[in-house]
Amino acid sequence: MYIDPNREGPRRRRRSSRGILLFALGLLTAILVLRTRPDWLREQLASLLPSPTPAPTATPSAERLAATAEAAQERGDLDAAVEAWSTVMAADSGMVAARSALVRILTWRRLDAEALQLAREAVAAAPEDPAAHTALAMALDWSGDSEAAIPAAQAALDLAPEHAPAHAVLAEAYAATGQWDAALAEAERALALAPEDPETHRALGMAREVRGEGRAALDAYEVALRLAPQIGAYHIDVGRAWRLLGDPAAAAGAYEAALAADPRDPVAYDGLGLLRYDAGEPDAAAEWFQRAIEVEPRYAPGHGHLGWVRYAKREWSAAAGSFERAIDLGSKAVDYRYLLGFSLAYAGDCGRARPWFEQAQALDPESQPARDGLALCP
């Protein structure tokens with residue numbers, strides 16, 4: 001549209017008093033709304049702004065995760081400790097402390113195969129770390145291969161001659177292989193290096209126990225327990241010592257305390273089953289052994305001990321299944337092998353029985369039951 005530049009502009013009109021009044025009323029209304037509804041004002045302003053982007057959540061460092069895991073382990077919450085240490089390993093696969101800590105917890109719960117695998121991984125990841133070799137020695141010893149545990153512990157000491165945990169594990173491996181004097185010497189060395197470590201007192205207890213010094217063993221185990229009463233494994237050591245000393249009531253109290261500390265520990269259920277078995281109550285014993293393997297299906301002794309009950313009741317097929325399961329889970333117990341052989345033989349299968357007698361004899365050439373089995377199934 002063409003606009004004439006010479007055209008006169010519109011005349012300004014005078015503002016009426018009525019318009020001024022309406023303007024004032026509108027302004028007053030707006031002020032009252034803003035004073036009484038500040039949230040409305042914030043909402044209207046926020047609607048004009050772009051939506052904020054959430055700040056990313058920082059991932060905890062491996063060190064912070066390790067501190068969480070250590071705290072859980074120190075208060076005796078082993079399930080939480082396993083979960084936390086596993087998270088540490090996912091965050092830092094090279095952290096030997098995580099694998100070593102997990103090895104200890106798994107050995108306490110007698111998950112020998114898993115502990116051994118983790119320990120081997122620790123050594124492969126950090127061959128110059130004495131803690132890795134110590135973890136391997138512990139896993140080997142608890143899985144029944146104490147002969148192999150000795151050089152593993154010595155490898156740790158070659159790297160760090162005053163590494164107390166390695167001396168403690170070496171003492172237990174010596175004890176398990178019948179080297180009683182060497183076991184006691186190593187336990188005393190470990191204790192001198194780390195008198196506040198419950199594992200050094202446990203090693204001394206083990207050295208005393210295999211020497212037949214039951215009361216001295218109990219004393220050492222009780223010191224370990226006082227240092228770490230939240231750990232079920234130390235209650236179990238005390239319970240085992242009381243059982244060997246012939247006090248089933250004290251032993252039962254210790255095993256019950258172990259369950260209070262860690263209700264998922266199969267060894268405590270198993271210990272209560274052994275007390276019932278000792279008392280000539282096979283059915284009650286079987287209930288405890290069954291609970292042990294319900295809590296942890298991979299717990300080999302629970303299957304083996306349930307096999308004892310079934311064997312005593314002449315349930316040959318069921319007994320054979322229990323013994324075979326224990327062996328499949330890694331147990332090196334000689335009696336499980338010859339009892340498996342007898343179970344099969346009495347069920348009428350000498351062909352399957354004979355190899356188990358041969359295995360038992362290979363593990364213990366002096367085993368009379370193995371010889372009797374081979375005579376039964378020539």
Show the numbers, then the answer: is there a side-chain hydrogen bond (donor to acceptor under 3.5 Å, both in side chains) between Tyr221 and Arg240? CA-CA 10 Å; Tyr221 292 145; Arg240 187 181 65 255; 3.1 Å; yes
Does a side-chain heavy-atom distance below 4.5 Å link [X] with [Y]?
X: Trp356; Y: Ile327; value: yes
X: Leu140; Y: Glu147; value: no
X: Val223; Y: Asp219; value: no
X: Thr200; Y: Leu193; value: no
X: Asp181; Y: Arg211; value: yes
X: Phe323; Y: His303; value: no
X: Glu199; Y: Arg104; value: yes
X: Tyr255; Y: Leu259; value: no

Starting from [Y], can I reach [X] by hopping between I/L/V/M/F/W/Y residues whose side chains sit under 4.5 Å apart?
X: Leu118; Y: Trp108; value: yes
X: Ile150; Y: Met206; value: no
X: Leu376; Y: Leu344; value: yes
X: Leu306; Y: Leu274; value: yes
X: Leu111; Y: Ile105; value: yes

So which heavy atom on [X] is nearest to which on [Y], and how close?
X: Ala300; Y: Ser331; value: CB-CB, 4.1 Å
X: Cys350; Y: Ala345; value: SG-CB, 4.2 Å
X: Gly341; Y: Ala353; value: O-CB, 3.1 Å
X: Val295; Y: Asp265; value: CG1-N, 4.4 Å
X: Gly205; Y: Ala217; value: O-CB, 3.3 Å
X: Ala156; Y: Ala166; value: CB-CB, 3.8 Å

Inter-residue atom distance [X].[atom1] - [Y].[atom2], 0.5 Å rounding:
X: Arg215; Y: Glu209; atom1: CZ; atom2: CD; value: 13.5 Å
X: Ser146; Y: Leu170; atom1: OG; atom2: CG; value: 11.0 Å
X: Leu340; Y: Arg337; atom1: CG; atom2: CZ; value: 9.0 Å
X: Glu121; Y: Leu102; atom1: CD; atom2: CG; value: 10.5 Å
X: Arg120; Y: Leu136; atom1: CZ; atom2: CG; value: 5.5 Å
X: Glu287; Y: Glu281; atom1: CD; atom2: CD; value: 10.5 Å

Run the salt-bridge test on [X] and [Y] with the 4.0 Å N-O cut-off and return the result as yes or no.
X: Arg226; Y: Glu222; value: no
X: Lys332; Y: Asp145; value: no
X: Arg110; Y: Asp112; value: yes
X: Arg325; Y: Asp328; value: no
X: Arg291; Y: Glu294; value: no
X: Arg189; Y: Glu162; value: no
X: Arg276; Y: Asp283; value: no

Walk me through it: do Asp141 and Tyr174 pass the test side chain to side chain contact (heavy atoms under 4.5 Å, CB included)? CA-CA 10 Å; Asp141 182 46; Tyr174 278 147; over 6 Å; no
Geometric class of the Tyr277/Trp308 ring pair [parallel <30°, tilted 30-60°, perpendicular >60°]: tilted
Can you say whether the rings of Phe289 and His305 are parallel (under 30°), tilted (30 to 60°) or perpendicular (over 60°)? tilted
What residues form a side-chain hydrogen bond (donor to acceptor under 3.5 Å, both in side chains) with Asp349, not counting sequence neighbours? none
Is there a donor-acceptor contact under 3.5 Å from the side chain of [X] to the main chain of [Y]?
X: Arg371; Y: Pro365; result: yes
X: Arg354; Y: Cys377; result: yes
X: His201; Y: Leu225; result: no
X: Ser367; Y: Gln361; result: no

So, do Phe342 and Phe357 have ring centers that fall under 6.0 Å from each other? yes
Decide yes or no on side chain to side chain contact (heavy atoms under 4.5 Å, CB included) for Ile231 and Asp262, but give the supporting numbers first. CA-CA 8 Å; Ile231 300 299; Asp262 183 9; over 6 Å; no
Go through the steps for Asp372 and Gln368 under the test side-chain hydrogen bond (donor to acceptor under 3.5 Å, both in side chains), then give the verdict. CA-CA 6 Å; Asp372 294 341; Gln368 187 59 49; 2.9 Å; yes
Please assess Asp270 against Trp288 for the test side chain to side chain contact (heavy atoms under 4.5 Å, CB included), listing each intermediate value before the final yes or no. CA-CA 6 Å; Asp270 190 63; Trp288 285 111; over 6 Å; no
Trace of the ring pair (Phe, Tyr, Trp, His ring centres under 6.0 Å) decision for Trp316 with Tyr311: CA-CA 6 Å; Trp316 308 126; Tyr311 184 87; 5.3 Å; yes
Side chain to side chain contact (heavy atoms under 4.5 Å, CB included) assessment of His133 paired with Asp129: CA-CA 7 Å; His133 293 277; Asp129 192 322; 5.9 Å; no
